[in-house]
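These notes are about the structure you will find just below.
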Amino acid sequence: MELYEKIYVKPAFLATDHGEIACEHCHGGDPEDDDWQTAHKGVIRDPTYPDPSTACGECHEDIVASAVSSLHFTLRPMKQAIEQRAGNGNPAALRIFDGAINRHCLNCHASCGQCHVSRSDYAAGGLLAAHRFIKTPSMDTTCASCHGGRVHGEYTGAEDDYEADVHYADEDMTCMDCHKASEMHASAEGVKTRFDLPERPACQTCHPDAVAENAAVRSHAVHQGRVACQVCHAQAGKSCFSCHVGTDKKGLPYYKCKETKMMFKIGLNPDKCTDRPYDYVVVRHAPVDPQTFDAYIKNGLKRFDSLPTWKPDTPHSIQRITRQSRTCNSCHGNAGLFLTKRDLAPWEVKANVGVVIPASRIPGLINEGAE
Amino acid sequence: MKFSRLILLCCALISVSIVPWSYQNLSEAGEGGSRCIDCHTNLKKLIRLCWKVEALKPKPLKSEETSGEG
């Protein structure tokens, strides 16, 4: 986007509710000053971050109260995971990690404005619709600007050899059809991972028959409560390996991701709970390795093994019939689908003890003729 | 009859007072001398100004060392 496109305000915006508010009320600056350079002194580009209480909270108090601690606003689980791996015994080290997280990771956060008014900072900003406020953000412009590397590609079928998610291809569903405002704006206080958020989407909201006591589909009845929906219905998802961050000679932040590939792996569920009682879940590899932050603090992830590097995942590549669900034995006895020790690098074996499937728990071939 | 005339009169007075009030509100952002609006809603002016801005403040650079998918 050209700079002028990013900051052009359509006159029609002025006739909207938000357009009636004086510019300087949210953005600061001096609206009387004829000189653009001095007029912009003190201008706040995104008045909704880090504190949206004035710009948004004056009218949308309830939403702002929870949204400021939401997953998108804070990226809390990612920060917590890094801090957990760093160990919490050394405040000086944690401060260094916080600096690195802010510099490299948190530019993906989403403020109120970066969903409803402009593109994200990560996508280099720019007004979405000439400053009109968009109540339901666009999947392709807004969500994909941060989730374009993985989820958006899986969902829309951009990855070679994989079909688009059936919800997109056949039903034209967008992100917001499942991820409602109530989830986006929900507080994530005390939440360890996104799966802990009570407002998260659930397949059974639209597919109650699949989890009914007497499910009509036999494989639903057989696997119910033991196998996550995605184990049968997801195609591959994107896994990343060994992302390292640092600062180059010009002082610019960089990342180097060693490898990214589409994979499908089933692992053990490391966080069983009432909502997610499954034994088997789909897992993907997180980009972290023990040297991810070495440019900041050598061997700083003292408790690297306290979390798995293969994490439960919900690939957005759903199909009714997948390679592993075509027949019973497309999965049963198909050891390559399951995360085993052979899939791990030596440095991550200990971290994934709770996720790796021992040979004894890989379901064996069944006699389909007898079924 | 008198009562309904009184109501009509009140309505007329209220609407007459609301029009300038709402116009004033709109003009606060729009036409009340705000230089922000003068420039940001005028494409030609904005394009020329952006040339000046870009000459003074080049686009932020991205590290050439970045590699792989983010």
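Everything numeric in this text was worked out from a predicted model, so none of it was measured.
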Measuring heavy-atom distances to chain B, does [X] have an atom under 4.5 Å in its side chain, in its backbone, in both, or in neither?
X	answer
A:Asp30	neither
A:Glu5	neither
A:Pro11	both
A:His244	neither

Between B:Cys39, B:Cys50, B:Gly68, B:Ser67, which residue shows the highest count of heavy-atom pairs closer than 4.5 Å to chain A?
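That would be B:Ser67.
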
Which pairs with one or both residues in residues 238-253 of chain A pass salt bridge (charged side-chain N to carboxylate O under 4.0 Å, His left out), sequence neighbours excluded?
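Of all non-adjacent pairs touching residues 238-253 of chain A, those that pass salt bridge (charged side-chain N to carboxylate O under 4.0 Å, His left out) are A:Glu159-A:Lys238, A:Lys238-B:Glu69, A:Lys250-B:Glu64.
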
Give the member of A:Ala130, A:Gly149, A:Pro253 that has the highest number of heavy-atom pairs under 4.5 Å with chain B.
A:Pro253

Is the centre of the A:His104 ring less than 6.0 Å from the centre of the A:Tyr296 ring?
yes

Nearest 0.5 Å please: distance from the CD1 atom of A:Ile101 over to the CG atom of A:Leu75.
10.0 Å

Can you label the angle between the A:Phe133 ring and the A:His18 ring as parallel, tilted or perpendicular, going by 30° and 60°?
parallel

Specify whether A:Trp347 and A:His285 have parallel, tilted or perpendicular ring planes, treating 30° as the upper limit for parallel and 60° as the lower limit for perpendicular.
perpendicular

